[in-house]
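Working notes for the structure below.
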Amino acid sequence: MHRLRVLAIALLLLAGATAMGPLVAQPSGSRHALLIQGASGEPRFATMHRGWLDSLAALLVDRFGYDPANVTIVAERPGEGEVHATAENVRTVAGRLAGTLTDADQLLVVFIGHGTGQGDDARFNLVGPDLSVADWRALLDPIRASLVVVDTTSGSFPYLAGLAAPGRIVITATNSPAQQYHTIFPDALVRALESGDTDQNKDGRISVLEAFTAASRLVREHYEQAGILATETAVIDPTGDGKGLLATAEFPSNSPAALWYLDAPRTATTDDPELQKLLARQQALSERIDDLRRRRDSLPEAEFTRQLEALLTELAEVSREVRRRSGE
Amino acid sequence: MASAITRTVMLPVAIILAVASIGAQGRPAAVDAVLQVRTALAHGDVSGARLVADKAIDEAAGETARALIDIFLGRDAEARERLLPLAQADPLGEAALELGLLEQRAGRTEEAWRWLDPIASNRRLETPDDYFRLARAAIAIREFQLANDAFGRVEEIARPDIRTADGELFLRYHQNGDAARRFERALELDPEWVPAMLGLARAVAAEDPPAARDLLERARAVAPEHPDVNLAVAEHALEAEDVDAAEEALARVAKVRRGSLEEAALRAAIAYRRGGMAAVEQAVQAVAAINPRSSLGWRLAGEQAARQYRFDDAAALARRATEVDPTDAKAQFNLGLYLMRTGDEAAARTALDISWELDSSSPFTKNLLDVLDVLDTFRVVPHGPFIFKFAAHEADVLQPYAIPLATEAYELFARRYGVRPDQPILIEVFPEHDDFAVRTLGLPGLVGALGACFGRVVTMDSPRARPPGDFSWQATLWHELAHVFTLHASDFRVPRWLTEGVSVYEEHLRNPAWGRELTLQYARAFAEGRNFGAKNLPLAFRRPESLALAYFEASLLVEHLVDDHGEEGLRTLLQAYADGVDDAEAFTRAFGRSIDDVEASFRAFVIAKYGPLIEAMKEPTPKLEAADLETLEARAAANPGNFSVQLAYGQALVRAEQPAAAKAPLRRALELAPMATGEASPRALLASIAEMEQDFDLARREWRALLEYDHTNVAGARRLAALAEQAGADADEEFALRMVADLDPFDAGVHVRLGRRLLARGDYEAALVEFDAALAAGPPNRVEVRTSRAEALLGLGRRDEARRDVLLALEEAPTYARAQDLLLTIMGR
Ligand SMILES: [Zn+2]
């Protein structure tokens, strides 16, 4: 009971609304992040990039509950407990993560800064010598955690195919090698993670797909509202085939990117047997709704609607009871 | 859309003429006398021409030359008599060609072909004149490609007559640039070749009206009595609405060339202006007497009706032209264009298709057909007196905003102007500015225009046709709809200054910031004596460079007239124009005053309204230049009442990163001109300084005050919305969100936020509009908007619809607690 209440409050904070989804048992590894800010080149970029880095780190810890010890920050000008952004240091950090993370863990890697060059020569600018796409790949491949790589930089497109691997999700801020302008995608990503709108299905959690979709939307809006042509379009490879999809693409509900959450996995345990029963009922109803939706095409519309209404109403009642009993 | 794909502009291709000029008997070269007479006539020198003709040694050449003079003077019967025996003697010669052309001008087509066809078919070509004759005959029998090829063969020949005729062929093909180069070449060869000047004036008229005017003046100086010069003068005068000057020019034509078709046709246009349709009916008889197959009288009368904004008449007249000469591509085009302006797009397409069949070189025809294709993809939304056409992907977003606004305008204007249009008003909203421009004028471009009104048809840019914040599409719609009513109330006779003045004035009544964007520029113009006053306004509306200020001043004049004489006075004025009286009489009827009297009181009105502002906007002496802070400070101290000086000092301090010190001069500038707008305005800078100093309450007040005037500043409105949200200043937030939603309705997020605000204060009806707009624009979170919409519906007691919406939300987000609770509330559980 106590644990559940804490969880509910945490959700309340992050979604900006009372939200309570079905509690699904998930692999209980730990969540890690590696945030890399490269060389900025100019003071105005230095301030901007550092701002994004700080916002991202703060969001992961404060909003998504990442353990600060699990958030590694590689920066152009490292602060206390941070790593200087040289190729050598990056190798060391990657080696440590490869040595410590397991299959059950998840790791979010975010690049902030400038990318230059094309094809095999595409580089993410570090302090001192850079690393090529192949270098990065060699560093990331040994890490066994479930991996999401977000390259927010200009010229990030070659990383989409370059880092593709089965079970790995890659997002790049650009979808063509021609897009070499400074990107606003990192800003959009930060704002997406802050916004209550990002949680499309209002289940109280933000998936990588939701974050990507919302950030893509914010990028598009930025250019539309300024009345200028967009010079960047982000893409995601959710399956590891090296092919990028736009945010407007159709994603199956079981897309790996839809199931990779930034939030902590839910735990479905409670000391209260009544509540335990309700939770089980809630879970069963959710599954029946999913099942019904899958069978939609084989049912007459009216029949589908009737059944769906009944299930949704029941789920609403059960969920209300869950909230009541868990002290909300 | 096959027609759109195949509709490429055809260019004349020089491949047709396979020359078989081998063989002995080429034609003799143009006999000198003919060429010399042609030259004298091109200079407008009839007596010189006579002299040459009479001195001709060759008898036939002399007779041909005299026939050319007869033709120039309109004495066709005499010319025919001279030419006939010569033509019979030499059916491929100059006389035969001239006779054929003469017969054609008289509408005796078969006679004409008898002479022209052999010349066009002749392939024994040696001299440049052989080719030139072939070319002219080919043009007459509409073998344009052949003519082009013939001209191509004599490209290098340095003869102004040939070069000019070649230019005229390119004019016919709407290739004005190519035509201009040929006319220019002719003028290099003979700087006084009047037909080349007239041709060049036509070729550059659209791109460079002053240059065209200059050329016409030059032609006038060289040959003041040349009938073609005076015909061109008459045309220009008609276009400039100076009917007296047009008639005077035609009288000069008649003095030299009696009974010309062009003169009769232009008189038909004047007849429309003077006496309407019945008068045209009479006047075109003169055209028919000269050439019963000519459509020119009807066509020009139609063009005149169109100039007078009477597009129903214009279409009827163009249709008569097409009936007289179904092969007149220009008349078919005009018919299509006018029908588009009456809103009959189906009939317009038919006419334009025919025109395209006849002349597939016209980019205008192609453009209009293309835009009709675009319009076919639009969604048609009939509503009350309106038929809206929106781009399919914009319709759902714009409808909830455009329809109530248009309806409000209609009811208000119908009451104020005492008229209800008897037919539906077509409103077309284009997401592509060039489509709007083509729909409006037949050509892309039209950069400065946002909307247009043709009486029953309103065309305009959609809010996304330009970057957000460029303009207020609502102000545009309001403005154009006001035109609908002043046009109808005056039977389409309202002068331009008045209809624009009323439209801008109506904008201002609807929203004090609308139509007042140029207040500072006007005050400065007034201070420098660059304003127009009541009497000169009509003139100012004819000059593109003075248009913007003319609009503003016209609206002030209307405001002044309404102040003094009420709406009743304005209605009487419009009615007077409907009755067809002139300005002086209209003013007397409406206000019992002369225009001079109005001029004096108007000046007093402007000074009473803007006196201090005019004083503050005066150009400082010495002129303000970039200077160091000390200099600017000294000037600011010496000129406390000068806006530019105060603002320049304030801006310089901001640039020098002394925001605290900048506040005093900026505030002073603000007091002098509180309506200054833009990001470098005193208010905008003070707002930014306040934000910098973390005085967010003050910043909010400054932004709000700025936006009261700066009504298209969408970035400022977004800023205010953010500040207001942080401060929980609901009223400011709602104001700012409303402004963003109005200016940039495709920003889905703003509808959501505005809807939430309205929902929070129980305005369910308005909230529902916002949630609908949000859903149409693609909201950041559809589930949440659906749920909010359900809440608004529930508030309105529309329980079933609410239940439907909340279920739609839950279908996508079964675990959404807020939607779950709302569902249970709706179901009473
Ligand atoms: Zn107007």
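Here is how names work: the chains are called A, B, and so on, in the same order as the sequence lines, proteins then strands, and each is numbered from 1. Quick caveat, the model's predicted, so the values are computed rather than measured.
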Report task. Answer yes or no: is there an ion pair linking B:Glu812 with A:Lys202, defined by an N-O contact shorter than 4.0 Å? Result -> no
Query raised in the report: Checking side chain to side chain donor-acceptor pair (under 3.5 Å) for the pair A:Gln225/B:Arg718: CA distance, chi angles, key distance, verdict?
Result: CA-CA 11 Å; A:Gln225 288 174 9; B:Arg718 289 199 166 100; 3.3 Å; yes
Query raised in the report: Quick check: are there more than 12 heavy atoms from other residues, nucleotides or ligands sitting under 6.0 Å from CZ of A:Arg220?
Result: yes
Query raised in the report: Is the number of heavy atoms from other residues, nucleotides or ligands within 6.0 Å of CD (B:Glu693) greater than 12?
Result: yes
Report summary line: Taking every heavy atom of B:Thr815 against every heavy atom of A:Ser286, the minimum-distance pair comes out as CG2-OG, 4.3 Å
Report task. Give, as side chain, backbone, both or neither, the part of A:Leu315 having an atom under 4.5 angstrom from any heavy atom of chain B. Result -> both
Query - Pair B:Glu811 + A:Arg293: basic N to acidic O under 4.0 Å - result: no
Report task. With rounding to the nearest 0.5 Å, note down the distance linking OG1 in A:Thr313 to CG in B:Leu823. Result -> 4.5 Å
**Report entry** Heavy-atom check, side chain of A:Glu309 versus side chain of B:Arg804, under 4.5 Å
**Finding:** no
Query raised in the report: Most heavy-atom pairs under 4.5 angstrom with chain B, which of A:Asp197, A:Asn201, A:Leu292?
Result: A:Asp197
Report task. Would you mind telling me which of B:Ala809, B:Gly778, B:Ala715 has the largest number of heavy-atom pairs within less than 4.5 Å of chain A? Result -> B:Gly778
**Report entry** Whether over 12 other heavy atoms sit under 6.0 Å from B:Glu691 CD
**Finding:** yes
Report summary line: Whatever's closer than 4.5 Å to a heavy atom in chain B on A:Phe304 counts as side chain
Requested in this report: Answer yes or no: does atom CD1 of A:Ile228 have more than 12 heavy-atom neighbours from other residues, nucleotides or ligands under 6.0 Å?
Outcome: yes
Query raised in the report: Under the side chain to side chain contact (heavy atoms under 4.5 Å, CB included) criterion, do A:Glu317 and B:Arg829 qualify, and how do the steps go?
Result: CA-CA 8 Å; A:Glu317 282 179 320; B:Arg829 297 196 192 179; 3.0 Å; yes
Query raised in the report: If you count the non-hydrogen atoms of other residues, nucleotides and ligands that lie under 6.0 Å from CD in A:Glu303, is the total more than 12?
Result: yes
Report summary line: What one should report as the nearest heavy-atom pair of A:Ala316 and B:Leu824 is O-CD1, 3.6 Å
Report task. With the side chain counted from C-beta on, respond yes when B:Leu807 and A:Leu308 share a heavy-atom pair under 4.5 Å apart, and no when they do not. Result -> no
**Report entry** Under 4.5 Å from any heavy atom of chain A - which part of B:Arg803
**Finding:** side chain
Query raised in the report: Between B:Pro467 and A:Ala226, what is the shortest heavy-atom contact and its length?
Result: CB-O, 4.2 Å
Report task. Locate the shortest heavy-atom distance separating B:Ala817 from A:Arg323; write the atom from each residue and the value. Result -> CB-NH1, 3.4 Å
Query raised in the report: Given a strict heavy-atom distance threshold of 4.5 Å, which part of A:Arg296 is in contact with chain B: side chain, backbone, both, or neither?
Result: side chain
Query - Heavy-atom closest pair, residues B:Asn781 and A:Asp199 - result: ND2-O, 3.0 Å
